[in-house]
Every structure is written in C-alpha cells, then in structure tokens.
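The structure appears below as structure tokens.
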Amino acid sequence: MKDVTWQQFKESVSNKKVAILPIGSIEQHGLHAALGTDLFIAEGLSRTAEGHENVMMLPSLPVGVAEYHRHFAGSLWVRPETLKQYVGEVITSLAYHGVRKVIIVNGHGGNREPLKEMARYVMMEERIHIVVWTWFESIEPEIIRMYGRRPPLHADEAETAMLMALKPDAVMPEFYEASAQGAGEWGKFYRGTMISQVVRDFTPTGATGDPTKTDLKLGERMLELSKQNLHELIDYMSDLQL
C-alpha cells in the first residue's frame, strides 16, 4: 500500500479486497532472540500472502501491549487502550476508502485481547469485518501434537523454531543454554493459580520453555501450517458478503 499513489490505491479497491495489517511487539525474548521477534514473525507470515490477488498489504505496527516486560532493557510498550484506539482508527480510515475486510496478523500474545475487543466494537459500529489472526492460536492443535503439550510460546523452543524458519539471523543459538535458565512455563503460580505475569517475577533471563530444544524442522512445519491457515482465511474473507 505504501508504495502506490492515491489514484492507484483507489483503483485497487474492490469488494473482494482484504487488507493485511501486521502487528508485533518490541520486547525482550531471552538471551538468544531479538527484541523484534514478534514483529519479525508477524511480518514474515504476512509476506507469504503478498502474491494473493485480493490482498492489500498495510504497513506494520511494531509496538504492542508489553509493559509486563519493562524490567528487561529495550522492551517497549503502549497501554491496551492506546493500541485499541490507534488500530481501530486506522481500520475505520480504511473503511472510509472502501476497504472493509481486514485481517490483523498478530505476532504477540499480549495484543490478542485488546485487539479482539477493538474488533468487536468497531464491527458493531461500522460495516466492516475484522479478524484478529494469531499464528499460534490458528494451529494450536498441531503445536500440541508436535510438542506433547501447549508450549509457553515466549522465547521458548516453539517460538524460537518459528523465528528460525522465518529470520534465522535474529536467533543466537550460542545463548540457548544460558537463556534456558529462565522458566519452564509462562507466569508465576501458587498452588495452581497464576499470581503474576510480570516477567521478572518468574524468569531471570526473560525466556520460558527450553530453547535448547529448538528444532528448525518443527519451525518449518509450523510456518507451512500457519501459511496455509492464513491463506485459507484470506480466501474466505475475500468471498465474504458484507
């Protein structure tokens, strides 16, 4: 979208057009993965759809809801209310120009609930359809089969494998062992109840899971499954009558 003129944009709009909006996060991912991990994954998965005739690719939004990572250097955040308002206004501006189908390709767990809440309210007020698509939600049953459980999916063996498949230069395997001295799961628990999601409360390295078990082949498989799921969703949205 950002590379065309206003007239070219106008001519490209149709009832079948689906806008893709990648949203990530800039936050710590342990000692072995880049701050931009969630953004890189969202952008990489979005790029797989660039050749689709009915896709309009929007510029990505890099910073999301991640204040609970604030004690680790370089982590950036906005409040949930800020994300909801900003993304909602971007989408309603698209609707003004006739683009009424939007898939948010989300790479960060902390963005999910604010974005879903925004989508629900905007869809009640506007003739527009918004889907918040998060890769690990879309293929969760397959991920569980691969790993024998639902991994924590933050700087763990699953997310790191996906990052390796999309952007290997953002991963530093030589730090896997040090990073794995973090936490086995996401969150701090007391007798089965989560009592904190402030990251420094449960992992000194910022990582969860066991990044030493990162398997590129599993990452490539998750990438292929996610890509297929996203492309099928695009086809569905393109044919949707509003």
Side-chain angles (χ1 to χ4, degrees), residues 23-45 61-80 82-83 106-115 134-137 139-140 143-144 146-219 222-223 226:
I23 301 183
S25 183
I26 303 298
E27 65 181 55
Q28 67 81 23
H29 275 78
L31 305 175
H32 67 281
L35 292 166
T37 292
D38 294 346
L39 178 64
F40 296 150
I41 291 175
E43 290 178 331
L45 288 167
L61 303 180
V63 179
V65 176
E67 188 170 4
Y68 44 92
H69 292 279
R70 68 188 300 167
H71 303 100
F72 295 84
S75 300
L76 306 179
W77 64 88
V78 296
R79 294 190 179 278
T82 304
L83 185 70
N106 172 48
H108 172 52
N111 292 340
R112 288 176 295 171
E113 294 311 313
L115 290 174
T134 303
W135 70 272
F136 52 82
E137 286 186 336
I139 62 166
E140 184 169 294
I143 292 175
I144 291 171
M146 288 179 195
Y147 290 95
R149 74 192 205 290
R150 187 195 183 281
L153 287 157
H154 175 76
D156 67 336
E157 58 269 37
E159 185 179 47
T160 304
M162 176 63 98
L163 183 61
M164 281 282 287
L166 284 165
K167 191 174 172 58
D169 62 343
V171 180
M172 292 171 279
E174 65 271 25
F175 291 107
Y176 282 168
E177 286 198 20
S179 206
Q181 304 307 307
E185 297 296 335
W186 175 268
K188 182 177 181 179
F189 290 83
Y190 175 75
R191 295 189 175 183
T193 297
M194 184 181 287
I195 60 172
S196 179
Q197 293 191 70
V198 176
V199 180
R200 73 168 179 183
D201 289 347
F202 57 88
T203 168
T205 69
T208 63
D210 187 352
T212 66
K213 296 180 179 177
T214 298
D215 185 334
L216 176 58
K217 291 188 182 299
L218 293 181
M222 289 188 290
L223 172 56
S226 299

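The analysis underlying the following values was restricted to heavy atoms, covering all of them including side chains, and did not include hydrogens, waters or symmetry mates.
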Is there a donor-acceptor pair closer than 3.5 Å between any side-chain N or O of [X] and the backbone N or O of [Y]?
X: His69; Y: Ile26; answer: no
X: Gln28; Y: Gly206; answer: yes
X: Thr208; Y: Asp156; answer: no
X: Arg70; Y: Glu67; answer: no

Looking at residues at least two apart in the chain, or sitting in another chain, which of them share a side-chain hydrogen bond (donor to acceptor under 3.5 Å, both in side chains) with Asn106?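 Applying side-chain hydrogen bond (donor to acceptor under 3.5 Å, both in side chains) to Asn106 gives Asn111, Thr134.
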side-chain hydrogen bond (donor to acceptor under 3.5 Å, both in side chains) partners for Asp215, two or more places apart: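 For Asp215, no residue satisfies side-chain hydrogen bond (donor to acceptor under 3.5 Å, both in side chains) once neighbours in sequence are set aside.
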May I have the step-by-step check of side chain to side chain contact (heavy atoms under 4.5 Å, CB included) for Val199 and Trp186, ending in yes or no? CA-CA 8 Å; Val199 180; Trp186 175 268; 3.6 Å; yes
For the atom pair [atom1] ([X]) and [atom2] ([Y]), what is the distance rounded to the nearest 0.5 Å?
X: Met146; Y: Ile139; atom1: CE; atom2: CD1; answer: 5.5 Å
X: Phe40; Y: Leu163; atom1: CZ; atom2: CG; answer: 7.5 Å
X: Met162; Y: Leu216; atom1: CE; atom2: CG; answer: 11.5 Å
X: Lys213; Y: Leu218; atom1: NZ; atom2: CG; answer: 12.0 Å
X: Gln181; Y: Thr203; atom1: CD; atom2: OG1; answer: 9.5 Å
X: Leu45; Y: Leu166; atom1: CG; atom2: CG; answer: 5.5 Å

Pairwise side chain to side chain donor-acceptor pair (under 3.5 Å) hits with a residue in residues 31-43, at least two apart: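 Of all non-adjacent pairs touching residues 31-43, those that pass side chain to side chain donor-acceptor pair (under 3.5 Å) are His29-Asp38, His32-Thr160, His32-Ser179, Asp38-His108, Glu43-Ser60.
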Taking atom types as modelled, find out whether Glu27 and Trp77 have a side-chain donor-acceptor pair closer than 3.5 angstrom.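 Checked: Glu27/Trp77 side chains show no N/O donor-acceptor pair below 3.5 Å.
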Which atom names give the shortest non-hydrogen contact between [X] and [Y], and what distance separates them?
X: Tyr147; Y: Met222; value: OH-CE, 3.6 Å
X: Phe175; Y: Leu31; value: CB-O, 3.4 Å
X: Leu83; Y: Pro114; value: CD2-CB, 4.3 Å
X: Ala183; Y: Phe202; value: CB-O, 3.0 Å
X: Ser75; Y: Phe72; value: OG-O, 3.1 Å
X: Ser196; Y: Asp201; value: OG-OD2, 2.6 Å

For Trp135 and Leu223, run side chain to side chain contact (heavy atoms under 4.5 Å, CB included): C-alpha distance rounded to whole Å, both residues' side-chain angles, the deciding distance at 0.1 Å, then the answer. CA-CA 9 Å; Trp135 70 272; Leu223 172 56; over 6 Å; no
Got a sec: does the CZ of Arg79 have more than 12 other heavy atoms crowding it under 6.0 Å?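 No, CZ of Arg79 has 12 or fewer neighbouring heavy atoms, counting only those of other groups under 6.0 Å.
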Are Pro173 and Thr214 close enough that some pair of their side-chain heavy atoms sits under 4.5 Å apart?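 They are not in side-chain contact.
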Tell me, with the steps shown, if Glu159 and Phe136 meet side chain to side chain contact (heavy atoms under 4.5 Å, CB included). CA-CA 9 Å; Glu159 185 179 47; Phe136 52 82; 5.9 Å; no
